[in-house]
Student: 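Structure incoming, see below.
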Amino acid sequence: MAKNTTRAEDYSKWYNDLVNRAGLAENSGVRGCMVIKPYGFAIWEKIQAQLDIMFKETGHQNAYFPLFIPKSLFEAEEKNAEGFAKECAVVTHYRLKTDPTDKTKLIVDPEAKLEEELIVRPTSEAIIWNTYKGWIQSYRDLPLLINQWANVVRWEMRTRLFLRTSEFLWQEGHTAHATKAEAIAEAEQMLEVYTEFAENWMSMPVIRGKKTESERFAGADDTYCIEAMMQDGKALQAGTSHFLGQNFAKAFDVKFADKDGKLEHVWATSWGVSTRLMGALIMTHSDDEGLVLPPKLAPIQVVIVPIYKSAEELELVSVKANELVKKLKSMGISVKFDDDDNRRPGWKFAEYETKGVPVRVALGPRDLAEGKAEIVRRDTKEKSTVEFEGIENLIAQLMIDIQENLFNRANQFRADNIQKVDSYDVFKEKIEKEGGFYLVHWDGTAETEALIKTETQATIRCIPLDSVEEDGKCMVTGKPSKHRVVIAKAY
RNA sequence: CGGGGUGUAGCGUAGCCCGGUAUCGCGCCUGCUUUGGGAGCAGGAGGUCGUCAGUUCGAAUCUGGCCACCCCGACCA
């Protein structure tokens, strides 16, 4: 078997190989678009299912809006349109016909040109706000709390599986509110939902913050984000929540009558996470052997591998294994008993390690004779032989322990790779050699931000929400600064 | 969109410079032996060499066009 690419050798190749090897996704015949394979999609479904619950718990409802946006609607909110214009797929025709010069080929029928081009949504604010116009008349219609699970298209120049693909799956929440304060509270609430999901379900610590003006979502007054550190020290924006002010309400003329009968533009938010979370999950926990999944998002939480030499032995082992399967299932733990006779145990061990199954149980005649079983946890690779009786309770506890351990490990890694720096020269040297996150003082100007980006390729990831006020000087210009910002190279 | 590169079996490749009908590994199929860390042996199947044209008795190999993909930049969830 070919040796795996290790993280130390080539982090980028390690990632790509792993996505392929674990059966998560592959490149497709369409440029920049991926095929999400069953195992990868199963993880995405777990992510989706939990987020959906959390959105509903916070009062949101799901709906679905069209894939296409007429150009005239798309251009209504200027900044938004301008921001996405360079990466839009555009539908110009609605029919093909047989090529008169080659009957086996099709050509676009020039007579089927659309009067108005349709934009394949890169994000849905435009079509949704055009719709909201008809839904909102009174303060009684507010707040309007909608989420949509959808695919969007952004014609990226360079793509990477899960991290950046031309088409990707995501959810986008779009809410309308009567007051500015309420809309801001909503944007902040959803950032908390994302944070809770990232930390408690993905076991991935995140920094909550606000984007600088130049990194803000096109059309937003404020963009909140969660930023995570990957194992190569680079930052990954894992989710964003935008306070859109009245920009879209004004662009689409969405007004409501308040209690006094006065007409006001409504206040808006939008927030989203995408299949990029898959990339975040992979790059936060996985190792050189393969995927490492937090139990809460693992499609298979426990795998049981039988060891046997004959059909009779398999029969005996199966009886025990099935007992355990039944117990685990009743406890809500997903389990697979892999009695495939075409693969030998060693192959299965390697396979489930590659796939990141949190716990593996091996059961053979030797164990049966002693009333024991071998149990291995994926996160630490720790192997132990335990009493078969009551093993289900041990496994249930392992689910909790592994979930926690992954978070703690990632948290420790981040703590080890985040540092305060006050000198630009030191920063330049460190970001180049060590990577990681830096907490620095910045004068708040776009010029300084741009300079840092040009000279170091690092960007201001966010202004952390929990940053403490302290008097400092911008590391570049020496101008006064009130708090530190997080700066790093990013995906 | 600028710069560089690559297209040979399901995957990874050799051959190309110096033209003579394609190499090896993995995978796949069959059989036997195996099964506590990616099994061994034996046999077998699988290829319009990205595509179109040109040169030639003859093209994976030489020439030109086209297409696709990858890497590095600018852009980005």
Side-chain angles (χ1 to χ4, degrees), chain A residues 1-5 10 12-13 16-17 20-21 26-33 82-88 102 122-123 150-172 194 211 214-218 220 223 225-228 235-242 270-280 289-290 305-311 313-314 317 338-355 360-370 372-374 376 381 383 385 453-454 457 459 461 490-491:
Chain A
M1 199 67 192
K3 200 176 144 288
N4 300 336
T5 308
D10 185 342
S12 179
K13 189 168 192 298
N16 283 131
D17 287 355
N20 272 301
R21 215 153 45 80
E26 63 189 34
N27 280 310
S28 70
V30 191
R31 62 151 285 184
C33 297
E82 197 190 314
F84 285 101
K86 300 181 299 299
E87 48 191 275
C88 285
D102 182 351
T123 180
N151 57 339
V152 288
V153 169
R154 295 182 188 177
W155 213 262
E156 301 290 351
M157 290 302 159
R158 293 188 57 209
T159 58
R160 289 192 71 192
L161 294 168
F162 291 119
L163 298 174
R164 185 176 304 109
T165 47
S166 295
E167 178 194 18
F168 57 93
L169 304 184
W170 76 344
Q171 59 68 217
E172 46 182 328
Y194 289 156
K211 284 292 182 190
S214 51
E215 295 276 331
R216 216 172 260 166
F217 175 75
T223 287
C225 64
I226 50 172
E227 295 282 332
L236 185 78
Q237 179 175 307
T240 48
S241 180
H242 316 290
S270 71
W271 28 274
V273 295
S274 71
T275 33
R276 178 178 254 199
L277 286 181
M278 295 283 296
E289 274 71 53
V305 177
I307 314 284
Y308 58 94
K309 287 189 169 62
S310 63
E313 277 185 359
L314 174 60
V317 169
D338 188 355
D339 60 353
D340 182 355
D341 194 39
N342 291 312
R343 303 289 188 192
R344 283 169 322 289
W347 192 93
K348 291 176 188 173
F349 294 167
E351 174 68 6
Y352 292 107
E353 269 160 23
T354 301
K355 296 211 149 173
R360 180 180 79 229
V361 176
L363 209 51
R366 202 170 71 200
D367 304 300
L368 252 47
E370 298 167 9
K372 304 217 164 167
E374 182 189 82
V376 183
K381 302 187 188 90
K383 196 180 274 191
T385 302
K453 189 177 175 182
T454 313
Q457 288 178 316
T459 49
R461 302 316 304 155
Y491 276 96

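To find a chain, count down the sequence lines: A is the first, B the second, and so on, and within it residues start at 1.
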Student: Would you mind telling me which residue lines up with the more 5' stretch of RNA chain B, A:Ser12 or A:Phe349, judged by nearest nucleotide?
Tutor: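 On the 5' side of the pair lies A:Phe349.
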Student: With respect to the side chain of A:Trp347, which nucleotide from B:U35, B:G37, B:G38 is positioned closest?
Tutor: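 Of the options given, the side chain of A:Trp347 lies nearest B:G38.
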Student: Rounded to the nearest Å, what distance is computed from the CG atom of residue A:Asp338 to the P atom of nucleotide B:G36?
Tutor: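 From A:Asp338 CG to B:G36 P: 14 Å.
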Student: Can you tell me which stems RNA chain B forms when a stem means 3 or more consecutive Watson-Crick or G-U pairs under 3.5 Å?
Tutor: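 B:1-7 with B:67-73, B:10-12 with B:24-26, B:28-33 with B:39-44, B:50-54 with B:62-66 - these are the stems of 3 or more pairs that involve RNA chain B.
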Student: Go through the N and O atoms of the side chain of A:Lys381 and the base of B:G37, and report whether any donor-acceptor pair is under 3.5 Å.
Tutor: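 Answer is no: no donor-acceptor pair is held.
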Student: If you only use heavy atoms from C-beta on, which nucleotide in B:G38, B:G73, B:C75 is closest to the side chain of A:Ala350?
Tutor: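 Closest nucleotide among those given: B:G38.
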Student: Please report the distance separating the C1' of B:C16 from the corresponding atom of B:A59, rounded so that it comes out in whole Å.
Tutor: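 Straight-line distance between the two C1' atoms is 11 Å.
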Student: Roughly how far apart, to the nearest Å, are B:C17 and B:U63 at atom C1'?
Tutor: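 It comes out at 15 Å once rounded to the nearest Å.
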Student: Assign A:Lys13 to base, sugar-phosphate, or nothing according to its heavy-atom contacts below 4.0 angstrom with the strands shown.
Tutor: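 Touches nothing.
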Student: Let me know the distance between CG of A:Leu314 and P of B:G36, rounded to the nearest Å.
Tutor: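 The distance from CG of A:Leu314 to P of B:G36 comes to 14 Å, rounded to the nearest Å.
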Student: Which value, in whole Å, describes the distance between the P atoms of nucleotides B:G20 and B:G58?
Tutor: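 After rounding to an integer number of Å, I get 15 Å for this pair.
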Student: Looking only at atom P, what distance separates B:C57 and B:C70, rounded to whole Å?
Tutor: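 B:C57 and B:C70 have their P atoms separated by 41 Å.
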Student: Measure from the side-chain heavy atoms of A:Ile307 and tell me the nearest of B:C70, B:C75, B:U35.
Tutor: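 For A:Ile307, the side-chain atoms sit closest to B:U35.
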Student: For A:Asp17, is there an ion pair with A:Arg21 - N to carboxylate O distance below 4.0 angstrom?
Tutor: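 No, A:Arg21 and A:Asp17 are not salt-bridged.
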Student: Atom CG of A:Asp10 to atom C1' of B:C70: distance rounded to whole Å?
Tutor: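 In whole Å, B:C70 C1' lies 14 Å from A:Asp10 CG.
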Student: To the nearest Å, how far apart are A:Glu167 CD and B:A77 C1'?
Tutor: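 Rounded to whole Å, this separation is 14 Å.
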Student: When you compare B:U56 with B:A42, how far apart are their P atoms, in angstrom units rounded to a whole number?
Tutor: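 The same atom, P, in both gives a distance of 49 Å.
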Student: Between A:Phe217 and A:His242, what is the ring plane arrangement, given parallel below 30°, perpendicular above 60°, and tilted in between?
Tutor: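 The rings of A:Phe217 and A:His242 lie parallel, inter-plane angle below 30°.
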Student: For RNA chain B, find the residues of residues 360-369 of chain A with a heavy-atom distance under 4.0 Å and give them by number; none if there aren't any.
Tutor: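 Those residues whose heavy atoms fall under 4.0 Å from RNA chain B, taken from residues 360-369 of chain A in numerical order, are A:Arg360, A:Ala362, A:Gly364, A:Pro365, A:Arg366, A:Asp367.
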Student: Once you round it to whole Å, what is the distance between C1' of B:G37 and CD of A:Glu374?
Tutor: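 Value for this atom pair: 9 Å.
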Student: Whole Å only: how far is the NZ atom of A:Lys86 from the P atom of B:C1?
Tutor: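 Taking atom P of B:C1 as the reference, NZ of A:Lys86 is at 16 Å.
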Student: How far, in whole Å, is B:U13 from B:G50 if one measures between their P atoms?
Tutor: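 Straight-line distance between the two P atoms is 14 Å.
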Student: Let's see if you can work this out: which of B:U35, B:G38, B:G37 has an atom nearest to the side-chain heavy atoms of A:Glu351?
Tutor: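 Out of B:U35, B:G38, B:G37, the nucleotide with an atom closest to A:Glu351's side chain is B:G38.
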Student: Could you go step by step and tell me if A:Glu172 and A:Val152 meet the side-chain contact (heavy atoms from CB on, under 4.5 Å) rule?
Tutor: CA-CA 10 Å; A:Glu172 46 182 328; A:Val152 288; 4.2 Å; yes
Student: When the distance from CD of A:Glu215 to P of B:C75 is rounded to whole Å, what number comes out?
Tutor: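 After rounding, the gap between these two atoms is 10 Å.
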Student: When you compare B:C49 with B:U23, how far apart are their P atoms, in angstrom units rounded to a whole number?
Tutor: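 Their P atoms lie roughly 14 Å apart.
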Student: Determine if A:Trp170 stacks with B:A77; use a centre-to-centre distance below 5.5 Å and an interplanar angle below 30° as the criteria.
Tutor: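 No, A:Trp170 does not stack on the base of B:A77, since the centre distance and plane angle fail the 5.5 Å and 30° test.
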Student: So which nucleotide from B:G73, B:C70, B:U35 ends up closest to the side chain of A:Gln457?
Tutor: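 Looking only at side-chain atoms, A:Gln457 lies closest to B:G73.
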Student: Could you go through A:Glu227 and A:Lys211, starting from their C-alpha distance and side-chain angles, then the distance that decides it, and tell me whether this counts as salt bridge (charged side-chain N to carboxylate O under 4.0 Å, His left out)?
Tutor: CA-CA 10 Å; A:Glu227 295 282 332; A:Lys211 284 292 182 190; 2.7 Å; yes
Student: Between A:Ser12 and A:Arg160, does the side-chain contact (heavy atoms from CB on, under 4.5 Å) criterion hold? Intermediate values first, please.
Tutor: CA-CA 10 Å; A:Ser12 179; A:Arg160 289 192 71 192; 3.3 Å; yes
Student: Side chains of A:Arg216 and A:Ser214 only: does a donor on one sit below 3.5 Å from an acceptor on the other?
Tutor: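 On atom types as modelled, these side chains do not qualify, holding no pair under 3.5 Å.
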Student: Just to verify, what does A:Tyr491 make a ring pair (Phe, Tyr, Trp, His ring centres under 6.0 Å) with, not counting sequence neighbours?
Tutor: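 Testing A:Tyr491 for ring pair (Phe, Tyr, Trp, His ring centres under 6.0 Å), a comparison that skips the adjacent residues, returns none.
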Student: Work out how far the P atom of B:U30 is from that of B:G15, and round it to whole angstrom.
Tutor: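 Rounded to whole Å, the distance is 34 Å.
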Student: Can you measure A:Arg21 atom CZ to B:G12 atom P for me and round it to whole angstrom units?
Tutor: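 Atom CZ in A:Arg21 sits about 16 Å away from atom P in B:G12.
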Student: Assuming nearest nucleotide by heavy-atom distance, tell me which of A:Val376 and A:Ala238 is located more 5' along RNA chain B.
Tutor: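 With A:Val376 and A:Ala238 compared, the 5'-side residue is A:Val376.
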Student: Side chain of A:Glu156 only, heavy atoms from C-beta on: which candidate in B:A77, B:C70, B:G38 is closest?
Tutor: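 Ranking B:A77, B:C70, B:G38 by closest atom to the A:Glu156 side chain puts B:A77 first.
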Student: Is the closest basic N to carboxylate O distance between A:Glu353 and A:Arg360 below 4.0 Å?
Tutor: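 Salt bridge between A:Glu353 and A:Arg360, a charged N being under 4.0 Å from a carboxylate O: yes.
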